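Just below is one structure, and these are the notes that go with it.
Numbers restart at 1 for each chain; the letters A, B, ... are given by sequence-line order, proteins then strands. Source: prediction; values computed, not measured.
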Amino acid sequence: MTCWLLKTEPDAFSLEDLRRRGEEPWDGIRNYQARNFLRSMMPGESIFIYHSRTSVPGIVGTACIASPARPDPTQFDPTSRYFDPASTRQAPRWDLVDVSYAGTFLEPVPLEILRKMEAFQDSLLIRKGNRLSVLPVTDAQWSAVMQRTRLV
DNA sequence: GCCAACGTTGGC
DNA sequence: GCCAACGTTGGC
């Protein structure tokens, strides 16, 4: 049972948006390493939701994987900003998973704090220039974050 | 809004 | 197969 971290820009789609909708197809992932992580996700696994490109970037709550990976329909849609003309229905290049809301932290755990936590010292998340938006989370990282916060 | 860091593309 | 150019990410 692996845990995961998904980044999102709250201006585009926030944890609050996910809470309102309950469940959402996590589309638009266009990075091979991230896609490979999506493909190894199993329904029921836990997710940290991370807000990037915001005044205080950090982990703001939790979600759950609600479906196995399947082809991301936006890659075939010429009107989508995620359209990929090089992808075919016979061999889809990009996948998504459905994500369901779990909980919102009373206190988000900011990147500034994560950087100082022992469990995150080897994590891609705190590496300068890291752009990966789908990352595995270790058990130690999961508990370290959960110990610092409370769910609403 | 700026810009460093990164992944991808395409000419050669 | 190299690598410059380009587009995007994300902290600040």
Hey, is CG on N36(A) packed in by over 12 heavy atoms from elsewhere, all under 6.0 Å?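 Check passes, neighbour count above 12.
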For residues 13-29 of chain A, which residue pairs qualify under salt bridge (charged side-chain N to carboxylate O under 4.0 Å, His left out), counting only residues two or more places apart or in two chains?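 Only E16(A)-R19(A), E16(A)-R20(A), D17(A)-R20(A), R21(A)-E24(A) qualify under salt bridge (charged side-chain N to carboxylate O under 4.0 Å, His left out).
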Can we say R35(A) and D95(A) salt-bridge, meaning some charged N sits less than 4.0 Å from an Asp/Glu carboxylate O?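 Salt bridge: no.
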Reference residue W4(A); test ring-ring contact (aromatic ring centres under 6.0 Å, His included); the match among F37(A), Y50(A), F48(A), W142(A):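 Answer to the ring-ring contact (aromatic ring centres under 6.0 Å, His included) test with W4(A) among F37(A), Y50(A), F48(A), W142(A): F37(A).
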Identify, with sequence neighbours excluded, every residue that meets salt bridge (Lys or Arg N to Asp or Glu O under 4.0 Å) alongside R30(A).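 Testing R30(A) for salt bridge (Lys or Arg N to Asp or Glu O under 4.0 Å), a comparison that skips the adjacent residues, returns D72(A).
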Within the 4.0 Å limit for protein heavy atoms, which parts of nucleotides 7-12 of chain C are touched? Write it as a string from 5' to 3', B for base, S for sugar-phosphate only, - for none. BBBBSS
Quick one: hydrophobic cluster around L96(A), which other residues, with the 4.5 Å side-chain cut-off, linked directly or via members?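 None, because no other hydrophobic side chain comes under 4.5 Å of this residue.
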Keeping to residues at least two apart or across chains, list the side-chain hydrogen bond (donor to acceptor under 3.5 Å, both in side chains) pairs with something in residues 77-91 of chain A.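 Sorted pair list: Q75(A)-S87(A), D77(A)-T79(A), D84(A)-R93(A), D84(A)-W94(A).
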Can you check nucleotides 1-5 of chain C for protein contacts, nitrogen or oxygen pairs under 3.5 Å, and list what you find?
none

